[in-house]
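Input: a single structure, listed below in structure tokens.
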Amino acid sequence: MGENVQTRIKNLLAKKTVGSLVQVAGWIRTRRDTGGFSFLEVNDGSCLANIQVIADGSLANYEAEIRKLSAGCSVMVEGTLQASPAKGQDVEILAAEVVVVGWADPEHYPLQKKRHSFEFLREISHLRPRTNALGAVARVRSRMSYAVHTFFQERGFCQVHTPIITTSDCEGAGEMFQLTAMETSLKGEEAGPQDFFGRKAGLTVSGQLQAEVYALALGNVYTFGPTFRAENSNTSRHLAEFWMIEPEMAFCDLRGNMRIAEDLLKYLLNDVITHCPDDMDLFDRFIEKGLLAKLRGVMEQDFAHITYTEAVDRLLQAQKKFEFQVRWGVDLQSEHERYLTEEVFLRPLIVTDYPATIKPFYMRVNDDGRTVAAMDILVPGIGEIIGGSQREERLDVLTARMATAGINTADYAWYLDLRRYGTVPHAGFGLGFERLIQFVSGMANIRETIPFPRTPGFAPC
RNA sequence: UCCUCGGUAGCUCAGUAGGUAGAGCAGGUGGCUGUUAACCACCUUGUCGGCGGUUCGAGCCCGUCCCGGGGAGCCA
């Protein structure tokens with residue numbers, strides 16, 4: 001044992017070849033003693049389920065070791081897979097050998113055989129993936145990541161690794177973490193020409209601008225990588241470091257953009273429900289009751305569509321009292337978005353054509369001259385999960401908007417070149433991966449959807 | 001960052017009028033049983049978030065800081 005040749009419990013439970021000799025390796029969840037033997041629940045992380053191991057009193061290390069096993073101990077077990085005579089499991093392993101690999105002092109091991117609050121588990125982010133719920137999130141997250149790539153690769157999209165260190169601020173996308181190699185900057189001096197890159201640099205807030213470069217060379221591309229936002233934000237939907245999926249399509253308008261976005265969301269939901277049924281069932285039963293019905297509803301219905309202007313009219317006519325007044329030209333508040341998606345449409349809602357004044361310079365100006373071809377997809381419970389737009393491909397319109405926004409065109413010369421040489425209509429969007437996992441898992445706080453959450457004042461390991 | 005609620009045993013919480021701290025679970029010991037949130041008996045555990053103040057006396061009142069929940073802003 002030790003060459004990683006043991007059977008994964010997931011495969012063991014799928015095949016259930018009774019009578020065969022098997023090896024498993026994992027961590028003890030609980031031990032129960034009976035007459036002359038013990039029951040060990042072993043989990044190896046391959047799936048939600050544990051395998052029940054029968055450790056008979058005749059085993060050489062029974063009294064010395066097996067009777068002292070507790071939650072968290074690591075073991076390797078070799079034995080025969082047999083039908084279980086009792087309820088609760090179809091098969092179990094009759095152990096021929098139980099090797100204790102690592103002990104976990106029960107007086108100090110923080111994970112108990114009971115439900116823990118997510119707030120507590122967050123304080124032990126190095127141990128929390130050993131719990132049912134966080135283990136399930138990890139598997140679902142991995143599967144969804146895989147499915148994101150499958151979706152785009154099957155459709156001929158090319159993945160582009162856009163830079164994590166950037167010198168261009170994707171205006172309107174939030175605060176940027178400043179990056180420096182100079183100690184002087186710590187004393188309040190602004191990083192500048194003498195710093196590592198010869199100019200101000202930071203961690204990316206979006207790969208969009210660079211993705212546009214590759215879209216206008218390769219056609220359809222996507223990015224899927226870490227993104228950083230430095231605003232002092234403390235909500236259940238915000239992280240300082242998160243992963244974002246950003247497709248960018250050449251020769252594509254807002255309608256094509258919306259279609260891809262809706263197809264992507266539905267594809268991902270279907271994939272995870274199909275491939276992670278046990279984990280999804282756990283979420284449905286213990287994290288958010290009715291989750292699966294909600295997700296199936298999303299898959300089966302067309303997303304609702306409404307323009308910003310129609311949304312404002314709708315909100316003005318609503319009987320509901322809002323804390324913030326609705327007015328054309330002002331961005332929709334959370335309460336407005338929630339009302340529309342949770343009470344009016346009861347399904348994902350795509351809001352389009354926002355006023356140009358409240359959206360970034362790169363969004364394409366509509367023929368009315370006062371709105372832009374933007375789209376936000378709102379989902380019940382989360383709010384905005386996708387934000388995107390058709391990009392402004394006309395050089396003169398783009399430079400005019402940059403001037404209005406007070407942006408120095410010289411800093412974006414490379415971006416303007418894309419419009420100067422062989423410009424084409426193109427569009428794209430950003431999908432927050434953790435918000436998606438929040439929606440799919442029913443987790444109330446986004447900090448449970450990423451292995452090591454980073455929030456203001458919190459980055460322990 | 002703002003509003004609001006909270007921080008008491010390893011975990012989840014109770015603590016009545018300011019009078020010197022409790023339950024369940026976990027853990028330990030023993031028993032019993034093809035057990036599975038195992039069961040039964042007994043036992044252990046506290047800088048009452050930090051600092052400062054009021055008071056004869058503070059878990060409780062006041063100030064301040066830190067952390068967490070909910071909401072807002074910001075955002076994906």
Side-chain angles (χ1 to χ4, degrees), chain A residues 29-42 49-56 68 70-72 82-89 92 94 104-124 127 131-132 170 172-176 204-208 224 226-246 261 286 322-324 331 333-338 358 360 376-379 382-388 429-439 444-447 449-450 455-458 460:
Chain A
R29 282 296 178 80
T30 176
R31 188 200 84 232
R32 292 180 296 274
D33 302 323
T34 185
F37 60 99
S38 297
F39 296 96
L40 308 176
E41 294 280 343
V42 178
N50 307 322
I51 185 80
Q52 177 165 284
V53 172
I54 310 298
D56 193 76
K68 292 179 182 146
S70 57
Q82 64 180 21
S84 177
K87 286 177 188 165
Q89 60 284 316
E92 61 191 20
L94 178 61
D105 179 4
E107 295 240 28
H108 301 290
Y109 187 61
L111 292 175
Q112 300 172 0
K113 216 166 45 176
K114 57 174 263 187
R115 202 199 164 281
H116 286 290
S117 69
F118 290 123
E119 293 80 13
F120 169 69
L121 293 174
R122 223 176 279 148
E123 294 169 9
I124 48 169
L127 295 172
T131 63
N132 286 339
C170 194
E175 302 278 319
M176 194 159 70
T204 183
V205 293
S206 168
Q208 180 203 315
F224 186 5
T227 310
F228 309 87
R229 302 282 168 90
E231 50 263 61
N232 189 0
S233 179
N234 292 284
T235 74
S236 57
R237 305 180 305 284
H238 191 276
L239 291 166
E241 176 182 295
F242 66 101
W243 288 63
M244 190 155 62
I245 296 143
E246 296 180 284
F286 300 118
F322 294 110
E323 191 184 337
F324 293 93
D331 210 354
Q333 301 289 316
S334 282
E335 58 174 338
H336 305 142
E337 295 181 347
R338 293 186 67 130
I358 59 170
D376 281 0
I377 300 187
L378 314 175
V379 295
I382 309 281
E384 185 179 348
I385 197 170
I386 282 180
F429 60 85
L431 166 60
F433 191 50
E434 285 76 15
R435 285 192 183 169
L436 174 67
I437 292 173
Q438 222 184 334
F439 185 63
N445 197 311
I446 201 165
R447 296 167 190 188
T449 65
I450 188 166
T455 53
F458 188 83

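In what follows, chains are A, B, ... by sequence order, proteins preceding strands, each numbered from 1. Just so we're clear, the structure is a prediction, and the values are computed from it rather than from any experiment.
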Between [options], which one does the side chain of [X] approach most closely?
X	options	value
A:Arg237	B:rG27, B:rU35, B:rC74	B:rC74
A:Arg229	B:rG68, B:rA76, B:rC11	B:rA76
A:His238	B:rC75, B:rU35, B:rG70	B:rC75
A:Arg32	B:rA38, B:rU33, B:rA26	B:rA38
A:Glu384	B:rG28, B:rA76, B:rA38	B:rA76

Using a 4.0 Å heavy-atom cut-off across all strands, classify [X] as base, sugar-phosphate, or nothing.
X	value
A:Asn445	sugar-phosphate
A:Pro85	base
A:Ser117	sugar-phosphate
A:Leu431	nothing
A:Ile446	base
A:Phe37	base
A:Thr227	nothing
A:Leu239	base
A:Arg31	nothing
A:Glu92	base
A:Ile54	base

So which atom in [X] and which in [Y] form the shortest heavy-atom distance, rounded to 0.1 Å?
X	Y	answer
A:Ser206	A:Glu246	OG-OE2, 2.8 Å
A:Ser233	A:His238	OG-CG, 3.3 Å
A:Glu231	A:Glu175	OE1-N, 3.2 Å

Under 3.5 Å for both donor-acceptor distances, Watson-Crick or wobble: does [N] have a partner, and if so which one?
N	answer
B:rG6	B:rC67
B:rG59	none
B:rA23	B:rU12
B:rA72	B:rU1
B:rC42	B:rG28
B:rA37	none

Fill in: side-chain contact (heavy atoms from CB on, under 4.5 Å), paired with A:Arg29, selected from A:Leu111, A:Asn50, A:Thr131
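Running side-chain contact (heavy atoms from CB on, under 4.5 Å) over A:Leu111, A:Asn50, A:Thr131 with A:Arg29 returns exactly one hit, A:Asn50.
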Side-chain donor or acceptor of [X] under 3.5 Å from a matching atom on the base of [N]?
X	N	answer
A:Ser233	B:rG73	yes
A:Arg435	B:rC75	yes
A:Glu119	B:rG69	no
A:Gln89	B:rU35	yes

Whole-angstrom distance between [N] and [M], as gauged at atom [atom1]:
N	M	atom1	answer
B:rG46	B:rC11	C1'	14 Å
B:rC43	B:rC67	C1'	34 Å
B:rA21	B:rC75	C1'	45 Å
B:rC39	B:rU35	P	13 Å
B:rU33	B:rG69	P	47 Å
B:rG49	B:rU55	P	23 Å
B:rA23	B:rU45	C1'	14 Å
B:rC60	B:rG22	C1'	16 Å

Item to complete: Using distance alone, with no hydrogens and no angle criterion, decide if A:Thr449 and A:Glu434 have a side-chain donor and acceptor under 3.5 Å apart.
Response: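 Absent: no donor and acceptor within the cut-off.
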Item to complete: Map A:Asp331 and A:Gly457 onto RNA chain B by nearest heavy atom, then report which one ends up closer to the 5' terminus.
Response: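 Of the two residues, A:Gly457 wins.
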Item to complete: For A:Leu111 and for A:Ile377, find the nucleotide of RNA chain B with the closest heavy atom, then tell me which residue's nucleotide is more 5'.
Response: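 Here A:Leu111 is the residue nearer the 5' end.
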Discussion item. Quick one: does any side-chain atom of A:Arg237 pair with a main-chain N or O of A:Ile446 as donor and acceptor, under 3.5 Å?
Written reply: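 No: the side chain of A:Arg237 does not pair with the backbone of A:Ile446.
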Worksheet item: Just by distance, do the side chain of A:Gln438 and the backbone of A:Ser236 share a donor-acceptor pair under 3.5 Å?
Response: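 Yes, the answer is positive, given that a donor and an acceptor are paired below the 3.5 Å cut-off.
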Please report the distance, rounded to the nearest Å, between [atom1] in [X] and [atom2] in [N].
X	N	atom1	atom2	result
A:Glu246	B:rA76	CD	P	9 Å
A:Arg29	B:rA37	CZ	C1'	14 Å
A:Lys114	B:rA26	NZ	P	8 Å
A:His116	B:rA37	NE2	C1'	13 Å
A:Phe39	B:rA37	CZ	P	12 Å
A:Glu123	B:rC11	CD	C1'	11 Å
A:Gln333	B:rC75	CD	P	11 Å
A:Phe120	B:rG69	CZ	P	15 Å

Practice prompt. Just say parallel, tilted or perpendicular for the rings of A:His116 and A:Phe120, cut-offs at 30° and 60°.
Written response: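 It falls in the tilted class, 30° to 60°.
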